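Chain identifiers are assigned alphabetically (A, B, ...) following the order of the sequence lines, protein sequences preceding nucleic acid strands; residue numbering begins at 1 within each chain. Computed from a predicted structure; not experimentally measured.
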Amino acid sequence: MCLKISPMLVLQVIRDNKKEIAAALKKRNLDADTLLENVLELDEKRRALQTEMDQTLAQSNKLSKEIGMLYKTGKAQEANTLKEQTTALKEASKKMGEALNAVSDDLDNALYLIPNIPHTSVPSGNSEEDNEEVYKEGDIPKLMEGALPHWDLAKKYDIIDFELGVKITGAGFPVYKGKGARLQRALISYFLDKNTQAGYTEIQVPYLVNEASGFGTGQLPDKEGQMYHVQADDLYLIPTAEVPVTNLLRDNILNLNDLPICYTGYTPCFRREAGSYGAHVRGLNRLHQFDKVEIVRVEQPENSYQALNSMVEHIKEILKELNLPYRILRLCGGDLGFTSALTYDFEVFSTAQDRWLEISSVSNFESYQSNRLKLRYKDENGKTQLAHTLNGSSLALPRVLAGILENYQTKEGIRIPDVLIPYTGFDIID
RNA sequence: GGAGAGGUGCCGGAGUGGUAACGGAGCAGAUUGCUAAUCUGUCGACGCGCACGUGUCGCAUGGGUUCGAAUCCCAUUCUCUCCGCCA
C-alpha cells in the first residue's frame, strides 16, 4: 500500500510560529488565522491517523512473519489460526489508509492556499501604488519636438509589424523585421554575455513543460489560466524560463559544494494575460509572446538575501550600460507574488508614454518553491535541508526595446546604445 | 506509428513469494606523525518518544492477488534499441 505523503517540512514551522506567520501574512491583506487553523487541525488529524495505522500495520507485519515461520517449521495448523486474525487487521488498515489519504489531500490543498511569508522588509499596502521606491538612476531625457511612442516608431522605421502578427496568429504576437529583428537578437546576446560574465551558466531549455514542472514553481494549480495549455499532450507553454530552469533541479539532494547554482537562459515566454486593455497594452507594453533572458539561483538559506542583492546589483549594471533611466521598487504585500518572499521590480522610464514600464522582477522564494520541487541539499552536518531559490529577469526584451526606441529617438533616427553596437553591427535605425 | 528490452536509495548495481545484497559518493565517529589511508556507523519520507530509541512507508506510478510482493497479475507512464516517417 502506498500513501500520499506531503513532504511539508514547513508544517513544523507553522506549528511553532503560528502567530508570527499570521502576523506576517497580514501584509498581504490576508486574514490567515482561519487558513492556518485549518491546516493545523488537518495536520493533527493526519498524524493521529498515521500513528493509528502504523500500529495496526506493525501488528499485521509481525503476524505475517510468525505465519511464515510456522509454515517453515511445518505447523500449518497454527498458521491458519493466525491468518484469521490478520483479516480483520487488514480491513482496518485499509480503511485507515483511505482516510489518511483523504486527510493528506485536504491538508495539501489547505497548504496550497497559503502564500509565501513576506520578508520583514516588505512594506504593507494594497496595490502597486504602495510599492516602495528604493533606488532611482539615470536622467530622463528631454525629447525632441514631435517625439513618438514606440509603436509609431516601429511603424515609421518598419522594424516591428503588429498587424502582420495579428494576421498569422492574433493580437499580442508582434513580428520583428530587419533592424528590429536584429536588435532583438543583439539584446539577447548582450544579456546572455553579461550574465555569463557574472558567473551564470548558460543553458537552453524546452519551451513546453509538464504539469509537475508547473506545480514545482507555483504556476499550478492556481495560476492555470495564465498559461497556454496544449491539451493533446497535456503540456504547457512556459510563461517564463523560471519554470523549466528551476525545475532542472527538481527532486534533487545537492551537496553543499554544489551551491550556489547560477543559471541563465533565453526563452520566449507565453502568457494568456486576460484583462487589461487600451494604451497600457498597446505596442510592446503587454504581449502574449515575448522574449526574456532569465537568471536563476539556488542558494543556501543563509546566503539567499545576499544573492538577491547581487542579482539586483547585476541588473543595475546592465541598465547603466544601456543608459536607460530606471527605478527599483520593493513590492508591497498586496502586490507581492503568491510564491515570493521579497521582490524587487525594475522599471524603465518610457519617455514618450510618460510612464514607467516593468522590465525585471527579481525575487527570493526562500524555500517555498524548493518545498514543492523537493529541492534539497545536505548541510555541513549532513542534514537534508530545503534550498532557497531565486530568479530574476535579466532582462525582459519588449519593454527594454520600447525604452530604447523612445529614449534614443532623434531627428536622424533611433540611435543604438554604445554597448549594443558590436552586437547589432549598426549604430542607427533610420 | 510498429516490434522488443528495461525503470531498484545521492550514484552504480544484485535480487522471480518470507520482508532491499554489494560497491561508490557524502556525512559522523575512531585510529594512524603530515591535502591521504584504514575501520565502524549513517544514508529517502512520515510519525511516536524527554531521551537511548522505535514504528510505518519507499524497488517508475496507480490498482489487484496473497497471511506475506521489488518478485505474480492488470492499467498507466517514462527511458533505451531496431524499423518506419522526418527537421
Side-chain angles (χ1 to χ4, degrees), chain A residues 1-16 39-108 110-111 204 206-216 230 232-235 247-259 261 298 300 367 370-387:
Chain A
M1 190 182 312
C2 178
L3 299 173
K4 256 181 90 177
I5 287 171
S6 27
M8 293 293 171
L9 303 190
V10 280
L11 270 173
Q12 187 63 49
V13 180
I14 295 177
R15 261 180 249 158
D16 296 342
V39 163
L40 289 178
E41 223 170 86
L42 286 166
D43 173 44
E44 202 166 316
K45 216 162 147 188
R46 195 192 69 77
R47 275 151 55 215
L49 270 170
Q50 183 177 342
T51 305
E52 201 184 344
M53 189 176 81
D54 283 355
Q55 284 165 357
T56 312
L57 285 173
Q59 209 176 339
S60 167
N61 286 344
K62 204 176 141 203
L63 284 175
S64 286
K65 269 187 196 170
E66 284 177 28
I67 290 169
M69 288 304 291
L70 289 172
Y71 273 126
K72 262 186 189 163
T73 50
K75 297 176 184 163
Q77 192 75 27
E78 292 176 44
N80 285 331
T81 321
L82 281 183
K83 269 195 202 180
E84 284 168 25
Q85 290 183 38
T86 59
T87 314
L89 287 175
K90 207 177 133 192
E91 271 174 32
S93 66
K94 193 173 176 183
K95 269 188 192 149
M96 288 179 212
E98 281 164 10
L100 184 56
N101 276 338
V103 172
S104 296
D105 284 347
D106 290 348
L107 178 58
D108 285 347
L111 277 166
Q204 290 194 11
Y207 305 153
L208 285 159
V209 292
N210 56 29
E211 187 184 346
S213 296
F215 176 81
V230 181
D233 299 291
D234 198 18
L235 295 171
N247 272 281
L248 294 176
L249 283 315
R250 170 151 50 90
D251 289 324
N252 256 309
I253 300 178
L254 302 164
N255 291 319
L256 194 54
N257 55 18
D258 294 329
L259 299 176
I261 291 174
V298 179
Q300 289 174 254
S367 58
S370 55
N371 188 41
R372 294 172 151 232
L373 291 161
K374 298 199 184 100
L375 167 49
R376 293 158 295 173
Y377 74 101
K378 297 264 191 196
D379 68 12
E380 38 284 284
N381 301 318
K383 244 189 120 183
T384 309
Q385 306 270 14
L386 290 173

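- One atom, OH of A/Y377, and another, P of B/G44, lie 15 Å apart when rounded to the nearest Å.
- For A/A58, taking side-chain heavy atoms from C-beta onward, the closest of the listed nucleotides B/U66, B/U56, B/U19 is B/U56.
- Using atom P as the reference point in both B/U81 and B/G47, the two lie 42 Å apart (nearest Å).
- As rounded to the nearest Å, B/U31 and B/A36 have C1' atoms that lie 14 Å from one another.
- Taking the P atom of each, B/A70 and B/C78 are spaced 25 Å apart, rounded to whole Å.
- The side chain of A/T51 lies closest to B/G47 when the candidates are B/A45, B/C57, B/G47.
- Here the CD1 atom belonging to A/I261 is positioned 7.5 Å from the CG atom belonging to A/L375, to the nearest 0.5 angstrom.
- A/E52 places its CD atom 17 Å from the C1' atom of B/C57, with the value rounded to the nearest Å.
- Distance, A/K374 NZ to B/A60 P: 16 Å, rounded to whole Å.
- Paired with A/Q50 under the rule side chain to side chain contact (heavy atoms under 4.5 Å, CB included), one option of A/R47, A/M53, A/R46 passes, and it is A/R46.
- We find the CD-CG distance between A/E98 and A/L49 to be 12.0 Å, quoted to the nearest 0.5 Å.
- Listed nucleotides: B/U56, B/C67, B/G47. Nearest to the side chain of A/D54: B/U56.
- Here the P atom of nucleotide B/U19 and the CG atom of A/L63 are 16 Å apart, to the nearest Å.
- As rounded to the nearest Å, B/C59 and B/G7 have C1' atoms that lie 10 Å from one another.
- Remark: the separation of the C1' atoms in B/G84 and B/A3 is 11 Å, to the nearest Å.
- The side chain of A/R47 approaches B/C48 more closely than any other nucleotide in the set B/C48, B/U56, B/C67.
- Rounded to an integer number of Å, the gap from A/D105 CG to B/C46 C1' is 15 Å.
- Between A/M53 atom CE and B/G58 atom C1' the separation is 13 Å, expressed in whole Å.
- For A/L57, whose side chain is taken as the heavy atoms from C-beta onward, the closest listed nucleotide among B/U56, B/G47, B/G44 is B/U56.
- Interatomic distance, CG of A/L107 versus CG of A/L40, reported as 9.5 Å (0.5 Å rounding).
- Ranked by how close their nearest RNA chain B nucleotide is to the 5' end, A/D251 and A/T87 are led by A/D251.
- Spacing of P atoms, B/A25 relative to B/U32, comes out at 23 Å, to the nearest Å.
- A sub-4.0 Å separation between OP1 or OP2 of B/G64 and a side-chain N or O of A/K94 is present.
- Stretches of at least 3 consecutive Watson-Crick or G-U wobble pairs, with each checked distance under 3.5 Å, appear in RNA chain B as B:1-7 with B:77-83, B:10-12 with B:22-24, B:26-30 with B:38-42, B:44-48 with B:53-57, B:60-64 with B:72-76.
- Distances shorter than 4.0 Å separate none of the side-chain N or O atoms of A/R376 from OP1 or OP2 on B/G44.
- Of the P atoms belonging to B/G9 and B/C43, the separation is 16 Å, rounded to the nearest Å.
- A side chain to side chain contact (heavy atoms under 4.5 Å, CB included) with A/V298 is found for one member of A/N252, A/L249, A/L373 and no other, namely A/L249.
- Here the nucleotide nearest the side chain of A/R46, chosen from B/C67, B/U56, B/C46, is B/C46.
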*Tell me, with the steps shown, if A/S64 and A/N61 meet side chain to side chain donor-acceptor pair (under 3.5 Å).*
CA-CA 5 Å; A/S64 286; A/N61 286 344; 5.5 Å; no
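- With hydrogens and angles ignored, the 3.5 Å screen pairs no side-chain donor or acceptor of A/T56 with any backbone N or O of A/S93.
- Side chains of A/S104 and A/N101: a donor-acceptor N/O pair is absent below 3.5 angstrom, by distance only.
- Going from atom CD of A/Q59 over to atom P of B/G55 covers 14 Å, rounded to whole Å.
- With contacts defined as side-chain heavy-atom distances shorter than 4.5 Å, the pair A/I14/A/L111 qualifies.
- If you take atom P in B/U42 and the same atom in B/G53, they sit 10 Å apart, rounded to whole Å.
- Listed nucleotides B/A45, B/G55, B/C67 differ in distance to A/T86; the shortest reach to its side chain belongs to B/C67.
- Considering only the side chain of A/Q50, B/C46 comes nearest among B/C57, B/C46, B/G68.
- Sequence order on RNA chain B of the closest nucleotides to A/N252 and A/Q55 puts A/N252 first from the 5' end.
- Here A/N61 lies in heavy-atom contact (under 4.0 Å) with sugar-phosphate atoms only.
- Between A/D258 atom CG and B/C27 atom P the separation is 12 Å, expressed in whole Å.
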